[in-house]
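First comes the structure, then the notes that go with it.
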Amino acid sequence: MAPQSTFPLLESIDDPVQLRQLKEGQLQSLSDELREFIIQTVSHTGGHLAAGLGTIELTVALHYVFNTPDDRLVWDVGHQSYPHKILTGRRKQMDSLRQKDGLSGFPRRGESPYDTFGVGHSSTSISAALGMALASKYKNESRDVVAVIGDGAMTAGMAFEALNHAGDLDANLLVILNDNDMSISQNVGGLSNHLARVLSGKFYASMREGSKKVLSTIPSVWELARRTEEHVKGMVVPGTLFEELGFNYIGPIDGHDMETLVKTLKNLHKLKGPRFLHVVTKKGKGFKPAEDNPCTYHGVGPFHPESGKLEKSSATGPSYTQVFGDWLCDMARLDNRLVGITPAMREGSGLVKFSKEFPDRYYDVGIAEQHAVTLAGGLACEGLKPVVAIYSTFLQRGYDQLIHDIALQNLPVLFAIDRAGIVGPDGATHAGSFDLSYLRCIPNMMLMAPADENECRQMLYTGFNHQGPSAVRYPRGQGPGSNIESKMTDIPIGKGQIRRQGKSVAILSFGAMLDTALEVGQQINATVANMRFIKPIDQELITELAEQHDLLITLEDNVIQGGAGSAVNECLLANGLDSHIINMGLPDEFQEHGSRSELLADANLTADDIIARIEDFKQLPLAKHLTLA
């Protein structure tokens with residue numbers, strides 16, 4: 001006899017159509033299997049765990065009630081979308097999650113028709129879903145559009161801009177707030193669940209709309225009725241704000257109570273117009289280590305599925321993020337004007353120690369990058385010294401504020417830009433491939449890229465002391481393992497340094513590519529310069545290298561277009577130097593997920609690739625005189 005399947009219900013489902021054939025009483029058993037499957041899968045691949053474990057019942061109920069993909073389902077950010085991926089035909093591919101040529105860690109339109117909108121950055125779901133709902137209305141297509149957004153994502157202004165717009169329109173939109181910041185307490189129990197069923201029912205909705213039409217002809221009576229309804233509902237639900245925005249608010253309900261979820265969603269499916277369902281879930285639900293420490297298990301590496309014990313990393317030494325966190329505390333002890341700002345990335349950006357040691361000088365603004373940047377500007381206007389800790393990909397969201405509110409006023413704000421360059425498994429949505437290009441074109445901006453951990457510390461100090469806007473961009477993970485000096489010293493602004501003297505070929509390295517440049521330099525006896533500054537760039541050093549070498553190579557982990565290499569090209573042209581130059585960096589495309597070494601190889605940025613590029617150049621008629629060691 002063949003062994004019994006570990007996941008008999010789950011393995012019978014390769015499509016939500018099959019899910020909808022189950023009996024309602026089987027849905028919780030399916031959820032239990034799905035939860036165990038995710039724990040086992042992510043324990044091998046790593047990935048976003050806690051958020052997905054909290055949305056399992058909700059995901060099952062949504063695909064059970066709604067006719068996906070004809071009914072559109074839009075996930076915000078995508079951290080919680082693993083259950084969705086598994087139920088929509090990708091269960092057998094989950095062992096390739098976030099690996100090169102495997103499944104993305106986020107919803108992607110090209111991966112499945114059930115992924116209706118590509119996501120990775122927070123707070124976009126309501127806007128996208130509203131667009132889809134309006135398009136359906138315009139095309140006379142009858143469908144529901146559902147946006148699932150977390151309580152953290154609701155801190156962004158963009159979410160409220162979309163809510164404000166949607167409430168004024170007769171779009172067929174359901175917004176589900178997945179609230180996992182509060183525990184499932186008594187107010188989200190039997191009474192609240194019962195109330196949600198009643199308020200989402202057809203009778204209440206008809207009575208509510210009918211009463212509006214009748215009482216609207218008697219303004220004073222209508223106003224009294226409106227206030228009475230808000231008062232009664234406000235005693236048990238926090239929905240007045242969403243009602244004011246034009247939504248029919250339902251909830252909060254227990255997001256792990258399958259019976260209530262299905263009943264409420266069925267009722268809401270029958271209604272039309274803007275609807276808002278408040279669902280309370282628990283991050284890490286069903287896996288105690290993740291329940292106890294959802295932050296650690298938000299984005300996690302491989303771990304033991306029974307104990308939750310994390311596998312030890314092979315990396316040694318502090319990461320660039322840790323270097324920044326240590327520097328921030330050291331600098332704060334020396335200068336009481338320093339304040340630290342983060343847009344909801346305390347752990348990821350290395351501010352945990354700072355937030356505990358200097359709580360009155362620490363500001364977590366939520367997922368509100370625009371506000372974070374302009375807040376820093378206001379603080380700087382009053383003589384404080386703000387340090388904004390932010391990922392490269394998220395600084396893009398505050399670009400207007402960076403230009404208009406910081407650089408235009410030449411305010412002394414330091415941007416500590418983490419996850420610059422190649423980010424690996426998180427893929428295209430989180431790639432830090434563009435910051436050199438989008439920052440160096442801004443007047444007044446000083447831009448630095450460290451080659452190692454100690455240089456990162458000294459650059460942060462240099463930027464902090466600078467009387468104007470500055471940025472230090474550094475990669476994810478560990479550096480080459482340099483000795484970190486406790487003493488902090490200013491680096492001469494706009495000055496690079498020769499790290500190896502060679503002949504004929506000079507490699508101008510920017511940031512984390514220095515080790516590769518030195519490896520190439522050793523093999524072909526090339527000169528290697530650690531340029532350190534992208535803006536102001538060291539024109540004197542570039543001119544010197546151009547005059548003494550037959551070929552210049554620029555090397556960066558940023559897109560070539562508009563990047564550091566372009567700055568070198570501009571310098572050569574401005575100084576009338578007709579030098580042979582090859583710009584090497586990331587290609588003009590979005591990089592997929594994979595390890596750093598895999599992505600560098602894809603971009604032809606390994607030592608062998610650089611040497612091959614030089615050899616190819618030698619074959620050109622204009623380079624016949626070029627000699628290599």
Side-chain angles (χ1 to χ4, degrees), residues 5-42 48-76 78-92 94 107 112-116 125 144 146-150 174 176-180 184 188 193 196-197 200 250-269 277-287 290:
S5 169
T6 309
F7 308 104
L9 279 175
L10 184 60
E11 291 177 2
S12 70
I13 295 171
D14 293 311
D15 188 282
V17 174
Q18 297 168 313
L19 167 63
R20 292 189 277 270
Q21 293 171 357
L22 296 179
K23 296 178 181 179
E24 194 171 319
Q26 295 176 285
L27 298 183
Q28 187 57 57
S29 295
L30 173 64
S31 298
D32 294 341
E33 290 183 17
L34 183 53
R35 182 167 278 111
E36 182 59 32
F37 181 83
I38 289 175
I39 292 169
Q40 291 191 16
T41 299
V42 179
H48 293 102
L49 180 66
L53 292 179
T55 58
I56 285 175
E57 285 83 4
L58 177 61
T59 306
V60 170
L62 282 169
H63 281 295
Y64 188 73
V65 172
F66 291 92
N67 185 33
T68 55
D70 186 59
D71 286 331
R72 310 298 197 224
L73 179 55
V74 182
W75 296 96
D76 206 281
H79 296 148
Q80 71 276 51
S81 66
Y82 293 1
H84 162 81
K85 285 178 178 278
I86 293 165
L87 293 174
T88 54
R90 287 166 278 183
R91 171 174 46 83
K92 296 178 182 178
M94 285 296 289
S112 168
Y114 290 92
D115 291 0
T116 59
S125 60
D144 250 311
V146 182
V148 182
I149 184 168
L174 170 61
I176 297 178
L177 171 59
N178 172 31
D179 184 350
N180 52 33
I184 299 176
V188 190
N193 286 341
R197 294 193 200 113
S200 66
I250 307 298
I253 66 172
D254 184 347
H256 303 296
D257 183 333
M258 185 64 76
E259 181 182 355
T260 296
L261 277 171
V262 171
K263 178 66 174 177
T264 304
L265 288 172
K266 282 183 176 179
N267 286 338
L268 288 169
H269 194 17
L277 175 62
H278 185 170
V279 175
V280 177
T281 62
K282 185 175 182 62
K283 275 187 178 180
K285 174 70 174 178
F287 187 53

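Given the structure is predicted, the values throughout are model-derived calculations rather than measurements.
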Practice item. To the nearest 0.5 Å, tell me how far Leu19 CG sits from Leu34 CG. Key: 10.0 Å
Exercise for review: Under the side-chain contact (heavy atoms from CB on, under 4.5 Å) rule, what do Gln28 and Glu259 come out as? Steps first, then yes or no, please.
Suggested key: CA-CA 9 Å; Gln28 187 57 57; Glu259 181 182 355; over 6 Å; no
Practice item. Output all residues satisfying side-chain hydrogen bond (donor to acceptor under 3.5 Å, both in side chains) with Lys283, sequence neighbours left out; order by chain, then residue number. Key: none
Check your understanding: side-chain hydrogen bond (donor to acceptor under 3.5 Å, both in side chains) with His79: which residues, sequence neighbours excluded?
Key -> none
Check your understanding: Do the side chain of His278 and the main chain of Asp179 share a donor and acceptor less than 3.5 angstrom apart?
Key -> no
Review point. Distance from Leu265 atom CG to Ile253 atom CD1, nearest 0.5 Å?
Key: 6.5 Å
Review point. If you round to the nearest 0.5 Å, how far is CD of Gln26 from OH of Tyr64?
Key: 8.5 Å
Exercise for review: Identify the heavy atoms of Ala50 and Ala290 that sit nearest to each other, and give their distance.
Suggested key: CB-CB, 4.5 Å
Check your understanding: For the residue pair Ile39 and Gly286, what are the closest heavy atoms and their distance?
Key -> CD1-O, 4.3 Å
Practice item. Would you check if Val60 and Leu87 make a side-chain contact, meaning some heavy-atom pair closer than 4.5 Å? Key: yes
**Study point:** Shortest non-hydrogen contact from Ile38 toward Pro83
**Key:** CD1-CG, 3.6 Å
Point to revise | Pairs where residues 51-73 contributes a residue and the test salt bridge (Lys or Arg N to Asp or Glu O under 4.0 Å) is met, not counting sequence neighbours | key: Arg35-Glu57, Asp70-Arg143
Study note, to complete from the structure: Closest non-hydrogen contact found for Gln18 with Asp14 is OE1-N, 2.5 Å
Check your understanding: What heavy-atom pair brings Gln80 and Ala51 nearest, and what distance separates the two atoms?
Key -> CB-O, 3.8 Å
Revision key, fill the gap. Distance col, row Ile149:CD1 vs Ile176:CD1, nearest 0.5 angstrom, shows 11.5 Å
Review point. With Gln21, which residues qualify under side-chain hydrogen bond (donor to acceptor under 3.5 Å, both in side chains), at least two apart?
Key: none
Revision key, fill the gap. Scanning both residues in full, the closest heavy-atom pair of Phe66 with His269 reads CE2-ND1, 3.4 Å
Review point. Got a sec, which residues hit side-chain hydrogen bond (donor to acceptor under 3.5 Å, both in side chains) with His63, two or more places apart in sequence or on another chain?
Key: Thr68, His84
Exercise for review: Begin with the C-alpha distance, continue with both residues' side-chain angles, and end with the deciding distance and a verdict on side-chain contact (heavy atoms from CB on, under 4.5 Å) for Arg91 and Ile13.
Suggested key: CA-CA 9 Å; Arg91 171 174 46 83; Ile13 295 171; over 6 Å; no
Review point. Can Trp75 and Asn178 be said to form a side-chain contact (heavy atoms from CB on, under 4.5 Å), step by step?
Key: CA-CA 11 Å; Trp75 296 96; Asn178 172 31; over 6 Å; no
Check your understanding: Can you tell if the side chain of Leu30 reaches within under 4.5 Å of the side chain of Leu10, non-hydrogen atoms only?
Key -> yes
Point to revise | Spacing of Ile56 atom CD1 and Ile86 atom CD1 [to the nearest 0.5 Å] | key: 7.5 Å
Check your understanding: Counting N and O atoms only, with roles assigned by atom type, does the side chain of Glu33 sit under 3.5 Å from a partner on the main chain of Leu9, one being a donor and the other an acceptor?
Key -> yes
Review point. Among Val262, Leu261, Leu268, Asn267, which one satisfies side chain to side chain contact (heavy atoms under 4.5 Å, CB included) with Thr264?
Key: Leu268
Review point. Checking side-chain contact (heavy atoms from CB on, under 4.5 Å) for the pair Phe7/Gln40: CA distance, chi angles, key distance, verdict?
Key: CA-CA 12 Å; Phe7 308 104; Gln40 291 191 16; 4.0 Å; yes
Exercise for review: Mind checking the CG-OH spacing from Leu53 to Tyr82? Nearest 0.5 Å is all I need.
Suggested key: 10.5 Å
Point to revise | Under the ring-ring contact (aromatic ring centres under 6.0 Å, His included) test, residues paired with Tyr114 that sit two or more places apart | key: none
